[in-house]
S.K.: 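One structure, pasted below without further comment.
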Amino acid sequence: MCGIALIMGPNPDFLLFESMLSRIAPRGEVQETACDDRHRLGTQRLKIVDRDRAIQPWSSPDGRWAVCYNGEVYNFRSLRSELAALGRAPRSDSDTEVILNAFLEWGEAAVHRLRGEFAFTIVDKATDQVYFVRDPLGVKPLYWSRHEGHLYAASELKALVPVGGQVHEVPPGSHGWGSPRQDPVLAAYVDLLAMGDGEEPVTDIDEAARQVRAALEDSIRVRLDTDLTVGVILSGGLDSTLTLLHVREMHPDCVAFTIGTPGSDDVSYARRVARDLGVHHEVIQLSPGDIRLLDIREAIRMSELTEYGDVINAVISRPLFGRVRSCGVKVILCGDGSDELFGGYEMYRQPDPALRQRIFQHKLHNLGRTELQRVDRTSMGQGVEARVPFLDLAIVRLAMRLPIELKLRHGHDKWILRHAFADVLPDYVRQRPKNPLSHSSGLHERVRLYRSQFPRIYRSFGYERLGPMRRDFSIVLEQHGLDLDRALLGASARPDYSMADHARDLAGALCWNAMGALRRARRPARDPVT
């Protein structure tokens, strides 16, 4: 995976282009560019596939077309064979070349053939136009800005702040054309807000379990097509344990990574899982006092997140992925997305079936700017490629066909996952209740001390060029009785928290931290699951 940046238009500014690339430099190991008097195309390339020959920007043999690409296409080998049979002989073993050849062969319809996590631009130098594409769930980011006769694009918001114009996001599952003379006209090729509508439900428990099991196994398998060591983010919960179980069987060169306070639930459960599976385990232990204002500021700078809860998780994720990179691991799998698909949140207990389905779709549609943005920035911001097997489009489509009774059952969330893998999951994991990352790591309340400063820090980086910091939508939805329409109106009318809200939150955080410090002083850390 990589970071990309481009400028199109007359006499593109060289110094501005260099600034754009420098701001996304951590996403890659080597900077590669292709420039002329109207186009500056650049990539910070993280070498994963065909590390020696997959140079970017990749150009067509006649030089007319060039692609800047960030991501992984997991079915690129079969596509390459198909394209070769059609006369497009490969010059490399990379998925970058396959992306361009697929477009040249099938045009815009090529997006429907790509399986993976990707964002790319394809420049037509002859017509001075650029084609934008982002993967169905928005795992990989892509932004654009048009200002003073030039069109700009980049993998991260921070690269476009120096441009000086308004910044726009390419929505997940969208593609379309733009130029220095016209804003990109983008359309959905996958409609997340209609995902599952009209699909035949899978109501039989055994059949649902079989399909869930087969889909997850296949999704993890294709994401392990690498000769590099593979890491797994391990919380000791259901999703991360399932991921590690499969990785250990399919790619034995693996290592698990966990972050938390000594004796926290995540550290305790993860230690036991890694020990039982015989997997090397790296534990990043932080005491609450280790997190300071500088850590908050760096997490916001790196992540560009707009919701408070996501920022809190980014503060915790940053040192986690930092350890991954320091161990020399460049590819890592994580369990993100499972809660959104299989009913891991209280909001999915909305009794109205139609409204509940829309909440599922809304969460999917916004993953690209919330949970997945956190994963992308805090991993790629430190030269680590994070892969999310639960968000393979086949799993997403299947999950949207499962009735709520198979997701919330017998007092358990994500019941169908627990049932489908009951024969391989340890009971202590299968019975473990869901607990969000920031809470189960034991670090949430420490980070919450700084919440009132998040908006000021966010604005200091110029990120309001994309949009403001917002209240957590999950809280807004709960305040409106899980009524999605009322919550959307409420969030629009009052996007951010008030000063009174922040004051109450700070008072609660101060009290919690004081009580926590007393508890830690009075009792030793213990492992609750051994």
Side-chain angles (χ1 to χ4, degrees), residues 1-7 17-35 39-59 65-74 76 91-103 111 114-123 130-135 137-144 152-160 169-170 172 175 223 225-226 228 302-304 321 324-325 329-332 368 372-373 375-388:
M1 292 192 183
C2 310
I4 62 178
L6 68 85
I7 306 177
F17 180 62
E18 288 294 309
S19 174
M20 291 171 65
L21 279 172
S22 70
R23 287 171 177 242
I24 57 171
R27 296 183 73 94
E29 301 163 284
V30 59
Q31 178 176 303
E32 298 165 342
T33 61
C35 303
H39 312 96
R40 295 201 180 276
L41 316 178
T43 304
Q44 299 286 4
R45 183 163 64 100
L46 185 63
K47 300 178 181 181
I48 302 292
V49 178
D50 197 358
R51 295 186 282 274
D52 295 327
R53 293 186 295 167
I55 296 170
Q56 291 198 48
W58 186 272
S59 296
W65 304 90
V67 61
C68 295
Y69 165 52
N70 167 31
E72 299 286 349
V73 170
Y74 300 116
F76 81 96
R91 293 176 283 152
S92 74
D93 293 323
S94 76
D95 54 344
T96 305
E97 181 183 21
V98 168
I99 290 270
L100 183 54
N101 281 343
F103 171 79
V111 295
L114 306 179
R115 179 187 186 184
E117 302 148 355
F118 49 82
F120 58 86
T121 58
I122 296 178
V123 173
V130 59
Y131 176 57
F132 293 84
V133 179
R134 191 175 179 196
D135 68 66
L137 275 298
V139 179
K140 293 291 102 185
L142 188 57
Y143 301 90
W144 65 271
Y152 304 84
S155 291
E156 297 186 15
L157 169 60
K158 59 179 65 70
L160 295 176
E169 179 185 23
V170 175
H175 65 158
R223 284 163 174 79
D225 183 11
T226 178
L228 299 173
M302 182 180 287
S303 69
E304 309 171 347
F321 286 112
V324 174
R325 185 56 177 165
V329 175
K330 291 198 292 185
V331 176
I332 195 152
L372 292 177
Q373 181 170 319
V375 172
D376 174 81
R377 302 302 192 282
T378 54
S379 60
M380 291 299 294
Q382 299 174 96
V384 175
E385 174 185 305
R387 301 178 177 181
V388 282

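All values reported here derive from a predicted model rather than from experimental measurement. Computed over heavy atoms, backbone and side chain alike; hydrogens, waters and symmetry mates excluded. Positions are given from 1 along the sequence.
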S.K.: For the OG atom of S59 and the CG atom of L100, what is their distance to the nearest 0.5 Å?
M.R.: 8.0 Å
S.K.: Working to the nearest 0.5 angstrom, can you tell me the gap between L142 CG and F120 CZ?
M.R.: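 These two atoms lie 10.0 Å from each other.
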S.K.: Test Y69 against every option in I4, V133, D95, V98 by the side-chain contact (heavy atoms from CB on, under 4.5 Å) rule and name the one that passes.
M.R.: D95
S.K.: Between the main-chain N or O of M380 and the side-chain N or O of R27, is there a donor-acceptor pair closer than 3.5 Å?
M.R.: no
S.K.: Taking ring-ring contact (aromatic ring centres under 6.0 Å, His included) as the test, write out the residues that go with H175, two or more places apart.
M.R.: Y131, Y189
S.K.: Calculate, to the nearest 0.5 Å, the distance between atoms CZ and CD belonging to R387 and E117 respectively.
M.R.: 7.5 Å
S.K.: Would you call K158 and E304 a salt bridge, taking side-chain N to carboxylate O under 4.0 Å as the test?
M.R.: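 Looking at E304 together with K158, the answer is yes, because their closest N to O distance falls below 4.0 Å.
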S.K.: Is it true that a side-chain atom of E97 and a backbone atom of R91 form a donor plus acceptor pair closer than 3.5 Å?
M.R.: yes
S.K.: Is it true that a side-chain atom of T43 and a backbone atom of R45 form a donor plus acceptor pair closer than 3.5 Å?
M.R.: no
S.K.: Supply the atom-to-atom distance L372 CG to K140 NZ, rounded to the nearest 0.5 angstrom.
M.R.: 9.0 Å
S.K.: With sequence neighbours left out, what residues match E18 under side chain to side chain contact (heavy atoms under 4.5 Å, CB included)?
M.R.: F14, Q31
S.K.: Can you tell me how far apart OG (S379) and NZ (K330) are? Round to the nearest 0.5 Å.
M.R.: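 It comes to 14.0 Å.
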S.K.: Can you check whether L21's main-chain N or O pairs, donor with acceptor, with Q44's side chain at less than 3.5 Å?
M.R.: yes
S.K.: For E169, check side chain to side chain donor-acceptor pair (under 3.5 Å) against everything at least two apart and list the hits.
M.R.: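 Scan of E169 (side chain to side chain donor-acceptor pair (under 3.5 Å), adjacent residues dropped) gives R134.
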